[in-house]
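This report concerns only the one structure given below.
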2 protein chains.
Amino acid sequence: MDTFHFKSQENLSLRQRVMNDIRNAIIQGHLKPGDKLKELEISQQMSISRGPIREALRDLEALGLIVSSPYRETTVAEVRKEEVVDLLIPIRLQLELFALKYNLAKRDEVFFGNLSSIVERMKVSATNGDLFALVEEDIQFHEHILSLDNSSYIMQIWSGIVNRLRMHFIKNTSKFTDLHKVVEDHEALLNALQNDSAEKIEALWTRHIKDEDCLLCFDDESEQGSD
Amino acid sequence: MDTFHFKSQENLSLRQRVMNDIRNAIIQGHLKPGDKLKELEISQQMSISRGPIREALRDLEALGLIVSSPYRETTVAEVRKEEVVDLLIPIRLQLELFALKYNLAKRDEVFFGNLSSIVERMKVSATNGDLFALVEEDIQFHEHILSLDNSSYIMQIWSGIVNRLRMHFIKNTSKFTDLHKVVEDHEALLNALQNDSAEKIEALWTRHIKDEDCLLCFDDESEQGSD
DNA sequence: TGTCGATCGATTGTTGACAATCCTGAAATC
DNA sequence: GATTTCAGGATTGTCAACAATCGATCGACA
């Protein structure tokens, strides 16, 4: 069993720590779209100077989690549903298909073992009804696919997308109910990876991502912003 | 070491100016993949402090133009050809199809007029054999499509992609010869936008982007890295 | 002579102060 | 009473100094 513990922020740079903290606050819903982020306030809250905070804000801006303009306040970004459905998800699909296509040889036993243990944890989370944990494990599953390809640039694009997906998800948690289907889907993916042809995998993957992400993209009942 | 001097960006913040300067140096080939970027050196060269430079470097890192690790030197990023062909270009296609799909109503006369004038300039550049200008106009054409959708996030993804495409292009300029075909292609695109159905436009667009970007992605003769 | 470890210079990370800009709101004018 | 102007505070942008870390060089020791 392997555990991904990403704690020990002690040895990270301040910039990284600030960045993670704010990022978490956003994707966990403590900071909502439109909320203001003031450098001085954050710096006092964390007892550090404004320098690292400014750099962390640049990072977050690059991730698409916040927006800022010169000499004006910086705020948490909005996420549009159409953007998620018709842009982020197709791009996400491209990323994963790319990683699958070019790293066939790297799918070894260790790799499958890791995926398998992630799925096991998903089962536990689903049984416990722990939606948040399940989502994180879902993300880990797909991130593990991407990590096959040793490209920091791919992980960079992925970060931006997945964070925005999380932001969108935060708004729709209540309707996300069929937890066990998520687990079954990923079991099927894992099984296909081990047994099926590239074409079948690609087809299954495509269907899964459109399907799965639809779970995160319910029609939020009345949110019909006409523009 | 060659020195570059840039035009007046007087009203931009220093961070923006540094960012633009370095970005241009990279996509124009003055800085090549692997070259080191030292904060102190840049700050002395530009007669400013290291603060804005550090923030600009964060921006450039987010764009995928440079890479850095803590306390280590930061260098100009590498671009892999497979990444360009099988990832960046499909994503680019998704971006444009998205913008086209959701902004049908915004394609007014002004919009077509702008596209048309871009194409006119392309003709001039093609006739002059000015490859660099042609590429920039090509980019403007497609950027104009994306700007239909009023999303800063889309432009953000686009920036990262287009800069990396430019980096890749820099390596292959010599073989890029059929300038007038580029112009004709864009004329066809413009014509289709004005006259054809959404389906036909989508099909043409898809073909064009795969086609056009192939121009930028020649098999660089012997660069067969076996991995 | 080859390997290990300490020291030093180079580079990045962090800080607190100062400068530039924006926003608010009250006073002045019509 | 409504609009404009201009202070004052709040916030972001920039700077120069200091601290932490890395890499290379040089010397000690087997």
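All values reported here derive from a predicted model rather than from experimental measurement. Letters go in sequence order (proteins before strands), and every chain restarts at 1.
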Next on the checklist: Looking at B/Arg54, I'd like to know whether one of its side-chain N or O atoms comes within less than 4.0 Å of OP1 or OP2 on D/dC15.
Outcome noted: no
Next on the checklist: Of the options D/dT14, C/dT14, D/dT21, whose atoms approach the side-chain atoms of B/Ser13 most closely?
Outcome noted: D/dT14
Checklist entry - Given atom OH of B/Tyr71 and atom P of D/dT21, what is their separation to the nearest angstrom? => result 5 Å
Checklist entry - Given that A/Arg15 and A/Arg50 both sit by DNA chain C, which one's nearest nucleotide is further toward the 5' end? => result A/Arg15
Item to check | Base D/dG23 to side chain B/Arg72, donor-acceptor N/O within 3.5 Å cut-off | outcome: no
Checklist entry - NZ of A/Lys36 versus C1' of C/dC22: gap in Å, rounded? => result 14 Å
Checklist entry - Which nucleotide sits closest to the side chain of A/Ser49: C/dG13, C/dT15, D/dG13? => result C/dT15
Item to check | Between P of C/dA20 and CD1 of B/Ile48, the distance in whole Å | outcome: 16 Å
Next on the checklist: Between the side chains of B/Glu41 and B/Lys36, is the shortest nitrogen-to-carboxylate-oxygen separation below 4.0 Å, so that they form an ion pair?
Outcome noted: no
Checklist entry - B/Lys38 has a side chain; which of D/dG13, D/dC15, C/dT12 sits nearest to it? => result C/dT12
Checklist outcome for this item: When rounded to whole Å, the CD to P distance for the pair A/Glu39 and D/dT12 reads 5 Å
Checklist entry - Which whole-number value in Å describes the distance from A/Leu14 CG to C/dT12 P? => result 18 Å
Checklist entry - Which part of the nucleic acid, if any, lies within reach of B/Gly51 when heavy atoms closer than 4.0 Å are counted: base, sugar-phosphate only, or nothing? => result nothing
Checklist outcome for this item: To the nearest 0.5 Å, atom OG of B/Ser147 lies from atom CE of B/Met155 at 6.0 Å
Item to check | Whole angstrom value for the distance that separates P of C/dA20 from CG of A/Leu40 | outcome: 20 Å
Item to check | Atom pair CG/CD of A/Leu60 and A/Glu55 - distance to nearest 0.5 Å | outcome: 12.0 Å
Next on the checklist: Considering every strand and a 4.0 Å limit on heavy-atom distances, what is the contact class for A/Leu57: base, sugar-phosphate, or nothing?
Outcome noted: nothing
Item to check | Integer-rounded Å distance: C/dG13 C1' and B/Ile53 CD1 | outcome: 15 Å
Item to check | Proximal nucleotide (of C/dC22, D/dT14, D/dA20) relative to the B/Pro52 side chain | outcome: D/dT14
Next on the checklist: Taking A/Lys81 first and then A/Asp86, would you say they form a salt bridge - that is, a charged N and a carboxylate O separated by under 4.0 Å?
Outcome noted: no
Checklist entry - Any donor and acceptor pair, going by atom type alone, linking the side chain of A/Gln156 with main-chain N or O of B/Glu61 inside 3.5 Å? => result yes
Next on the checklist: Distance check needed: D/dT14 P versus B/Glu55 CD, whole Å only.
Outcome noted: 7 Å
